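Below you'll find the structure, written out as structure tokens, and then a few comments.
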Amino acid sequence: MFIPKDSADGEWKSVRKAIETNSLYESIAWEHARRILVCPEDTLSKKKFPNFKGDASIGISYCVDDFPTVARIVRELYRMKRRYRLYIQAPYEIGGTSLDNCVKLIKETDATLAIVSIEYIHRALDGKSHISREVRTMNGRDGKIPIVILGLDERDSLTAIPLWSWAMMNDKWHGKEPSICNDTPLRFATEETLQKALNKAIDVIDKFGVPGYEE
């Protein structure tokens with residue numbers, strides 16, 4: 001990359017620092033990710049989005065490696081005019097503020113849509129990642145909010161990961177598999193398949209707390 005010779009000050013100073021700390025590539029990659037989303041990251045504000053529907057606000061839990069598919073799902077939620085919040089956290093970010101934002105995502109919304117992949121589960125198991133914090137927070141809210149899963153990889157490959165238990169997300173899932181809202185993996189799914197799975201997930205969220213409903 002070529003930068004001006006007189007770039008010690010001003011906006012170029014931050015670029016030089018990013019190059020020196022080997023974080024420039026990640027910064028560019030995530031700015032690109034924000035652009036492919038092409039819709040807001042947060043539609044919870046009734047003032048800004050008065051025509052959006054659904055009593056339950058949806059917090060979206062996901063692995064950064066899966067963002068291209070996550071962006072497709074969020075764009076569909078936006079098209080459906082649903083209230084959601086997506087926290088875009090670059091993979092190189094660490095620290096209390098970033099972790100706190102992940103916890104708030106689960107605590108401050110009325111439902112959690114977990115977009116689960118093999119890598120998502122591996123990070124949930126490491127005990128240190130943002131996802132592991134989100135999963136523990138989900139478990140602390142089980143029974144109080146709907147926790148709904150969309151699978152990006154084959155269902156059997158998710159369930160078979162050593163040491164993983166769906167009960168880590170929800171104590172009610174001890175000894176059984178939760179309902180995953182898609183029969184086929186969503187990573188390379190058609191628009192029709194993705195919409196069908198998301199409609200089913202939204203239906204589960206909307207029926208939470210209705211007499212006769214069982215998560």
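Not measured: the values here are computed from a predicted model. Along the sequence shown, the residues carry numbers beginning at 1.
Here ring-ring contact (aromatic ring centres under 6.0 Å, His included) pairs that include residues 38-61, with residues two or more places apart or in two chains, are Phe49-Phe52, Phe52-Tyr78. Pairs of residues two or more places apart, or lying in two chains, never qualify as salt bridge (Lys or Arg N to Asp or Glu O under 4.0 Å) while including a residue from residues 158-169. For residues 103-112, the set of pairs meeting the salt bridge (Lys or Arg N to Asp or Glu O under 4.0 Å) definition, not counting sequence neighbours, comprises Arg85-Glu108.
Shortest non-hydrogen contact noted between Tyr62 and Glu134 is N-OE1, 4.2 Å. Counting all heavy atoms, side chain and backbone alike, Ile147 lies closest to Met169 at CD1-O, 3.5 Å. The two residues Trp164 and Leu158 come nearest to each other via the heavy atoms CD1-O, 3.7 Å. Residues Gly140 and Lys144 come closest through the heavy atom pair O-NZ, 4.0 Å. Scanning all heavy atoms of the two residues, the minimum distance from Leu125 to Pro162 falls at CD1-O, 3.6 Å. When all heavy atoms of Leu198 and Ile73 are compared, the pair lying nearest together is CD2-O, 3.7 Å.
Under the 3.5 Å distance criterion, the side-chain polar atoms of Arg72 are matched with a main-chain donor or acceptor of Ala189. Formation of a donor-acceptor pair under 3.5 Å by the Ser165 side chain with backbone atoms of Ala167 is found in this model. Between the side chain of Thr137 and the backbone N or O of Ile106, no donor-acceptor pair lies under 3.5 Å. Formation of a donor-acceptor pair under 3.5 Å by the Asn182 side chain with backbone atoms of Leu150 is not found in this model. Distance alone, capped at 3.5 Å, places no donor-acceptor pair between the Asp203 side chain and the Asn199 backbone.
Here the OH-CG distance, from Tyr87 to Leu105, works out to 9.5 Å after rounding to the nearest 0.5 Å. Note that the CG atom of Leu194 and the CD atom of Glu76 stand 6.5 Å from one another [nearest 0.5 Å]. Separation of atoms CD1 (Ile131) and OG (Ser129) is listed at 5.5 Å; rounding is to 0.5 Å. Taking NE2 from His122 and SG from Cys63, the interatomic distance works out to 10.5 Å, rounded to the nearest 0.5 Å. The line from CD1 of Ile149 to CD1 of Ile115 is 11.5 Å long, rounded to the nearest 0.5 Å. We find the CD1-CG distance between Ile118 and Asp153 to be 4.0 Å, quoted to the nearest 0.5 Å.
Every residue was checked against the salt bridge (charged side-chain N to carboxylate O under 4.0 Å, His left out) condition with Glu192, not counting sequence neighbours, and none meets it. Remark: Thr184 pairs with Thr193 by the side chain to side chain contact (heavy atoms under 4.5 Å, CB included) rule, at least two apart or across chains. Under the side chain to side chain donor-acceptor pair (under 3.5 Å) criterion, Arg141 pairs with no residue at all, not counting sequence neighbours. A search for salt bridge (charged side-chain N to carboxylate O under 4.0 Å, His left out) contacts involving Arg83 returns nothing, not counting sequence neighbours. With sequence neighbours left out, the side chain to side chain donor-acceptor pair (under 3.5 Å) criterion links Thr109 to no other residue. For Tyr120, the side chain to side chain donor-acceptor pair (under 3.5 Å) criterion is met by Ser61, not counting sequence neighbours. For the side chain to side chain contact (heavy atoms under 4.5 Å, CB included) test, residues two or more places apart in sequence or in another chain that qualify with Asp171 are Asn139, Asp142, His174. Under the side chain to side chain donor-acceptor pair (under 3.5 Å) criterion, Asp66 pairs with Ser117, Arg187, not counting sequence neighbours. In this view, Arg133 and Leu99, Asp100, Val103, Arg136 satisfy the side chain to side chain contact (heavy atoms under 4.5 Å, CB included) rule, not counting sequence neighbours.
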task = Apply salt bridge (Lys or Arg N to Asp or Glu O under 4.0 Å) to Asp183 and Lys200, showing your working.
result = CA-CA 11 Å; Asp183 298 321; Lys200 183 176 179 182; 5.2 Å; no
request  = Walk me through it: do Leu163 and Met168 pass the test side-chain contact (heavy atoms from CB on, under 4.5 Å)?
outcome  = CA-CA 10 Å; Leu163 304 180; Met168 293 179 182; 5.5 Å; no
request  = Give the intermediate values and the outcome of side-chain contact (heavy atoms from CB on, under 4.5 Å) for residues Leu86 and Val70.
outcome  = CA-CA 10 Å; Leu86 174 77; Val70 172; 4.0 Å; yes
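There is no path of hydrophobic side-chain contacts, each under 4.5 Å, that joins Phe67 to Phe188.
Looking at Ile205 and Ile58, their side chains come closer than 4.5 Å, going by heavy atoms from C-beta outward.
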